[in-house]
Amino acid sequence: AQSVTQPDIHITVSEGASLELRCNYSYGATPYLFWYVQSPGQGLQLLLKYFSGDTLVQGIKGFEAEFKRSQSSFNLRKPSVHWSDAAEYFCAVGAMGRGSTLGRLYFGRGTQLTVWP
Amino acid sequence: DTEVTQTPKHLVMGMTNKKSLKCEQHMGHRAMYWYKQKAKKPPELMFVYSYEKLSINESVPSRFSPECPNSSLLNLHLHALQPEDSALYLCASSPRDRVLNTEAFFGQGTRLTVV
């Protein structure tokens, strides 16, 4: 069965420090992977996605993620965090749903990022 | 236009009220979704419309009734809700009906409070 694990519920970093948010997935076929960010009370904004090709993908706001098939991971990174990056981050995998020919997104539980000034 | 627009942004309703949430997109997307999100939790899929037909219903109680009047609009009709239905309701759309390899665009959500 498909699933997404974000092991860290809450991460705190200082502004200017580097960041890595972890994501592991379980899916039998080629995964389609996404990172979304959500500010309080807002909708989800796509940061980046991986469908195929280069395993290091660049996204918006200076974020990047690396797909590692051998580790079933898709970790999100940023070299220098800004205070405005404080938000909830969701990793998701696009996969086939049960009893359906349509795909659907399966979300991890999210990682709350706090940035200290 | 790359937006998914949801109205209203906030809604307070009594348990005997009938209300509707509205979602609109003008990107020509053929798949539209309703998600429910409780605080500190990930979004939970409720319904999927593909080419204006209901394709997925994730065993949602009948007090939630979706409707897709045309390819740009998606409604969620609410009736006899319970306080535990209070949540952020998110609408999303995607260019193709198979979300495996295409991204979903989310609206800003409707914050629903049932009193």
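Each chain gets a letter, A, B and so on, in the order its sequence line appears, and its residues count up from 1. Owing to the predicted nature of the structure, the values given are computational and were not obtained by experimental measurement. The figures that follow rest on heavy atoms only: side chains count, while hydrogens, waters and symmetry mates do not.
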### Qualifying residues under side chain to side chain donor-acceptor pair (under 3.5 Å), relative to A:Q6, sequence neighbours excluded
A:T111
### Message
Taking side chain as everything from C-beta outward and backbone as N, CA, C, O, which of these in A:Q42 sits under 4.5 Å from a heavy atom of chain B? Side chain, backbone, both or neither.
### Response
both
## Note on the structure
What one should report as the nearest heavy-atom pair of A:F51 and B:E103 is CZ-N, 4.2 Å
#### Entry: Distance-minimising heavy-atom pair for A:G108 and B:P42
O-CB, 3.1 Å
### Task
Find out if a path of hydrophobic residues (ILVMFWY) with successive side-chain heavy-atom gaps under 4.5 Å connects B:L81 to B:M15.
yes
### Query
Between B:L45 and A:Y106, is any pair of side-chain heavy atoms under 4.5 Å apart?
no
### Query
Should we say atom NZ of B:K38 is surrounded by more than 12 heavy atoms from elsewhere, each under 6.0 Å from it?
yes
#### Entry: Any pair counted as ring pair (Phe, Tyr, Trp, His ring centres under 6.0 Å), so long as it reaches residues 66-93 of chain B, sequence neighbours left out
B:F64-B:Y89
### Query
Just wondering, are more than 12 heavy atoms of other shown residues or ligands nearer than 6.0 Å to CD1 in A:I9?
no
### Query
Is there side-chain contact between B:F106 and A:Q45, with at least one heavy-atom pair below 4.5 Å?
no
### Query
Measuring heavy-atom distances to chain B, does A:L46 have an atom under 4.5 Å in its side chain, in its backbone, in both, or in neither?
side chain
### Message
Does atom NE2 (A:H10) have a neighbourhood of more than 12 heavy atoms from anything else shown, all under 6.0 Å?
### Response
yes
### Query
Looking at side-chain heavy atoms only, is the closest gap between A:Q38 and B:Q37 below 4.5 Å?
yes
### Query
So which heavy atom on A:F107 is nearest to which on B:P43, and how close?
CD1-O, 3.9 Å
#### Entry: Within one Ile-Leu-Val-Met-Phe-Trp-Tyr cluster: A:L56 and A:L21, side-chain cutoff 4.5 Å
no
#### Entry: side-chain contact (heavy atoms from CB on, under 4.5 Å) assessment of B:Y33 paired with A:L105
CA-CA 11 Å; B:Y33 313 82; A:L105 288 175; over 6 Å; no
### Summary
Rounded to the nearest 0.5 angstrom, the NZ-CD distance for B:K40 and A:Q112 is 5.0 Å
